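Structure record follows, encoded as structure tokens.
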Amino acid sequence: MMEVAGRSRKRPRRRKEPLDLHTLNPRQREAVMHDDGPMLVLAGAGSGKTRVIIYRIARLIGDGTSPSRILGVTFTNKAAGEMRERLRSLVGADGSKVQLSTFHALGLSILKAEHEAAGLSKRFCIYDTSDQMSLVRELMRRVRVADRRLDAGKILDIILKTKRERLKEVAIDWGDDYELAAYELYPRYVEEMKAFNAVDFDDLLLRSMDVLQIPEVGERWANKFDYILVDEYQDTSSDQLAMLKILAGDRKNVCVVGDDDQSIYAWRGAVVDNILRFGREFGSAKEVILDQNYRSTGHILHAANSVIQNNKVRKDKKLWSADGEGDPINVVTCEDGEEEATLVSETIGKLVFDGMKYEDIAILYRSNLQSRILEEVLAADKIPYSIVGGQAFFERKEVRDVMAYLATINNPFDEISLRRVVNMPSRGIGPTSLQRFAAFGTANNCGLYGALCRASEIPDIPKSAQNGAAQFVGLIKSFGAQMEGASPQDLQRHVEHLIDEIKLRDVIMSADDSATVSQRRIENVNEVINAAHRFAAMNPQSESPLEDFIFMSSLVKDEEKEDDRGKVTLMTLHSAKGLEYPAVFMVGMEEELLPHRRTIELGGDLSEERRLCYVGITRAKKRLWMTKCLYRSNRGKMMERGASRFLEELPEGEGVIRWNRNSPPTDDMTESKADEFFAKMRAQLGMDQG
DNA sequence: GAATCAGCAGTTTTT
DNA sequence: CTGCTGATTC
């Protein structure tokens with residue numbers, strides 16, 4: 001299984017946790033000690049579920065199971081990495097032999113191993129969403145089904161949905177332009193993906209499922225693992241469940257851990273039902289409920305319980321804590337968004353004055369739009385912050401450019417990557433020439449790359465474009481030959497050479513943008529070289545390093561891990577899942593923001609929005625503020641706002657104090673000290689200005 | 001082949 | 001109010 005190329009993880013070595021079962025509560029111990037057969041662990045927020053998984057794996061190894069026959073499945077590479085580390089600190093070297101993977105990486109492993117059976121040639125590539133979009137856009141241009149400005153994303157959605165449901169053609173339910181366009185483009189999408197030797201994210205699951213249907217292949221994989229553990233099971237899709245069933249074989253030694261109340265990705269195909277009917281899928285399953293919370297204080301948990309209880313379909317459980325009630329939670333009404341941001345900023349100032357660290361504080365919101373005003377005010381108040389969920393490293397334009405070159409070198413039939421780089425830097429191959437090349441490729445069944453190879457045979461192509469094509473093909477071929485049989489250690493050198501060869505840094509420097517932006521881009525390009533180096537260091541055994549490096553880049557959303565210490569964290573409620581902070585602000589607790597307008601309009605099921613609220617509340621360890629505005633400027637216009645219905649669902653009584661920003665409660669924590677603090681701050685600001 | 005402009009849409013996003 | 005896309009222009 002492929003290693004994740006994370007930033008060099010220099011975090012302090014974790015203290016070695018002894019495998020002492022007495023540190024577990026009875027329920028946790030039950031889950032850890034459970035013998036064979038399926039088990040569902042319903043783990044409420046903050047109930048120590050990761051610990052249970054780690055300890056269970058350690059216990060299995062301790063009882064003689066070979067580590068390499070244990071499979072742990074997570075949803076993110078980050079989670080897999082963290083689990084690997086904790087495991088290593090618990091059981092030592094054996095821990096690294098455990099197979100830890102995401103469903104998608106697992107699918108990729110299967111497709112790589114069984115590519116012949118899957119009908120893929122050895123060098124296939126993975127298309128991510130933006131590659132898929134490019135393909136759909138290209139198809140829209142080519143087939144003028146509806147040359148009006150249709151949103152390629154919507155068409156893609158329909159195509160992908162059809163593909164996931166394994167339908168032969170797009171169902172026409174509404175007969176609108178999107179459906180008709182998708183209907184027209186669907187077969188072409190499939191055809192082109194095949195011609196390009198490309199698979200998309202869904203294919204990693206769907207096509208590996210196809211392969212596993214072949215009896216001897218399925219059997220081989222079903223016998224690979226003795227025990228399977230799945231984290232965040234509430235987020236599994238029906239395909240993932242199906243895959244799990246095959247891998248589990250008849251032994252059904254499957255342990256899934258999840259929380260139906262934290263299922264917030266149904267819109268992305270997660271099936272909450274998977275958790276509610278796990279027993280039916282796997283036969284009589286043991287069920288363990290972890291509801292003792294080790295994270296938050298009482299009032300916060302009461303609030304969370306109180307809100308989530310309003311969801312009708314759920315596994316009944318109630319979080320409780322052995323610790324005290326703690327501070328009440330604050331529900332604050334503000335005038336408008338700016339005042340809300342100011343309130344948050346000032347309160348953070350007080351918290352820090354009282355000794356809290358910036359990194360202990362998080363601001364959560366429903367939609368990324370909300371971050372802007374917060375940023376402005378925090379910056380003005382000189383409060384350091386960092387935002388989670390910016391553009392992922394491998395999605396940045398200049399990084400994609402490099403990766404597209406590598407993808408083309410690896411698989412020249414990958415036309416999306418090919419088109420991206422063929423005229424970068426400029427080689428005199430404009431849209432018209434490209435069009436002619438493409439037409440020739442189609443007519444002679446040799447693809448765009450084949451056409452570029454035979455540039456001189458094609459009429460109506462200007463000499464300059466012919467030369468450009470020859471030069472380009474020469475470059476691709478030369479690197480292709482170099483990469484052939486290259487060792488992982490060679491990879492970095494080749495990538496460096498490539499970047500020089502295509503004069504990427506010059507291209508960036510001569511582009512429009514400001515010096516700082518260009519500088520950043522060049523740093524990103526350099527970072528690709530570093531990433532190649534890290535990849536080589538982590539995968540010294542890779543037989544096709546180029547290919548594996550590209551795969552890694554498609555599967556790993558490697559956020560730039562800037563140093564978040566000393567900074568307040570801003571992020572969406574979705575990104576906050578799995579994290580915890582001593583102090584949390586949930587801003588924009590308003591109708592049409594927290595139950596989001598789109599969800600309200602779609603009529604009916606607000607349970608996922610409620611879960612989102614629940615996730616937000618349960619991130620807080622000690623202090624929680626929920627803020628709302630009476631007015632908010634929407635798109636240029638001030639709009640009156642209503643309080644989120646979820647605020648009504650909070651408990652009554654001393655655990656929740658509701659107040660208005662204009663009349664804060666008198667017993668405010670350290671008001672006099674805070675005044676002193678702000679006086680000092682104002683003086684400082686005054687000095688800065690003068 | 002690059003630059004500028006008008007028009008439009010505007011949740012969430014682990015892979 | 002923004003940010004992106006496609007079309008138009010030089």
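A, B, ... follow the sequence lines: proteins, then strands. Residue 1 opens every chain. No hydrogens, no waters, no symmetry mates; every other heavy atom, side chains included, goes into these values. Only a predicted model underlies this, so the values are computations on that prediction, with no experimental measurement involved.
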(message) Using O4'-C1'-N9-C4 for purines and O4'-C1'-N1-C2 for pyrimidines, with syn meaning within 90° of 0, is dT11(B) syn or anti?
(response)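 For dT11(B), whose glycosidic angle is within 90° of 0, the conformation is syn.
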Considering every strand and a 4.0 Å limit on heavy-atom distances, what is the contact class for [X]: base, sugar-phosphate, or nothing?
{"X": "Asp235(A)", "answer": "base"}
{"X": "Glu395(A)", "answer": "nothing"}
{"X": "Arg137(A)", "answer": "sugar-phosphate"}
{"X": "Gly578(A)", "answer": "nothing"}
{"X": "Leu369(A)", "answer": "sugar-phosphate"}
{"X": "Arg372(A)", "answer": "sugar-phosphate"}
{"X": "Leu594(A)", "answer": "nothing"}

Does a nitrogen or oxygen in the side chain of [X] sit under 4.0 Å from OP1 or OP2 of [N]?
{"X": "Ser575(A)", "N": "dT12(B)", "answer": "no"}
{"X": "Thr572(A)", "N": "dT12(B)", "answer": "no"}
{"X": "Asn77(A)", "N": "dT15(B)", "answer": "yes"}
{"X": "Asn368(A)", "N": "dG10(B)", "answer": "no"}

(message) Ignoring hydrogens, what is the shortest heavy-atom contact between His574(A) and Arg366(A)? Give both atom names and the distance.
(response)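 Shortest heavy-atom separation between His574(A) and Arg366(A) comes out as CE1-NH2, 3.6 Å.
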(message) Taking donor-acceptor contacts at under 3.5 Å, does the side chain of Arg268(A) reach the base of dT14(B)?
(response)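 Side chain to base: no pair present.
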(request) Confirm from the modelled atom types if Arg598(A) and dT11(B) form a donor-acceptor pair under 3.5 Å, side chain to base only. (result) no
(request) State which residue, out of Asp259(A), Asp260(A), Asp261(A), fulfils the side chain to side chain donor-acceptor pair (under 3.5 Å) condition with Arg314(A). (result) Asp261(A)
(message) Going by side chain to side chain donor-acceptor pair (under 3.5 Å), Arg610(A) matches just one of Asn310(A), Asn311(A), Asp605(A). Which one?
(response)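 Per the side chain to side chain donor-acceptor pair (under 3.5 Å) rule, the option paired with Arg610(A) is Asn311(A), out of Asn310(A), Asn311(A), Asp605(A).
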Closest nucleotide among [options] to the [X] side chain:
{"X": "Leu555(A)", "options": "dG10(B), dT11(B), dT15(B)", "answer": "dT15(B)"}
{"X": "Trp267(A)", "options": "dG10(B), dT15(B), dT13(B)", "answer": "dT13(B)"}
{"X": "Ser367(A)", "options": "dT14(B), dT15(B), dT12(B)", "answer": "dT12(B)"}
{"X": "Thr76(A)", "options": "dT11(B), dG1(B), dT14(B)", "answer": "dT14(B)"}
{"X": "Ser426(A)", "options": "dT13(B), dG1(B), dG10(B)", "answer": "dG1(B)"}

(request) Could you tell me whether the side-chain ring of Tyr265(A) sits stacked on the base of dT12(B), using a centroid cut-off under 5.5 Å and a plane angle under 30°? (result)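 Per 5.5 Å and 30° rule: no stacking.
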(message) Applying the 5.5 Å / 30° rule, does His596(A) stack onto the base of dT11(B)?
(response)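 Check passed, His596(A) stacks on base of dT11(B).
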Starting from [atom2] on [N], measure out to [atom1] on [X] and report it in whole angstrom.
{"X": "Tyr365(A)", "N": "dT13(B)", "atom1": "OH", "atom2": "P", "value": "9 Å"}
{"X": "Arg427(A)", "N": "dA2(B)", "atom1": "CZ", "atom2": "P", "value": "13 Å"}
{"X": "Gln132(A)", "N": "dT13(B)", "atom1": "CD", "atom2": "C1'", "value": "13 Å"}
{"X": "Gln370(A)", "N": "dT2(C)", "atom1": "CD", "atom2": "C1'", "value": "15 Å"}
{"X": "Tyr127(A)", "N": "dT15(B)", "atom1": "OH", "atom2": "P", "value": "21 Å"}
{"X": "Glu590(A)", "N": "dT11(B)", "atom1": "CD", "atom2": "P", "value": "16 Å"}

(message) Between dT13(B) and dC4(C), how far apart are the two P atoms, rounded to whole Å?
(response)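 16 Å, rounded to whole Å.
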(message) For the aromatic rings, using the six-membered ring if either is Trp, is the centroid distance between Phe278(A) and Tyr233(A) under 6.0 Å?
(response) yes
(message) Are Phe124(A) and Phe551(A), when compared by the centres of their aromatic rings, separated by less than 6.0 Å?
(response) yes
(request) Enter the distance from Ser553(A):OG to Arg400(A):CZ here, rounded to the nearest 0.5 Å. (result)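 Ser553(A) atom OG to Arg400(A) atom CZ measures 8.5 Å (nearest 0.5 Å).
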(request) Could you tell me whether Lys577(A) and Asp235(A) have a side-chain N and a carboxylate O separated by less than 4.0 Å? (result) yes
(message) Pick the closest DNA chain B nucleotide for Glu232(A) and for Thr599(A) by heavy atoms, then say which residue is nearer the 5' end.
(response)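 The 5'-side residue here is Thr599(A).
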(request) Could you pick out which residue, Phe75(A) or His574(A), lies toward the 5' side of DNA chain B when each is mapped onto its nearest nucleotide? (result) His574(A)
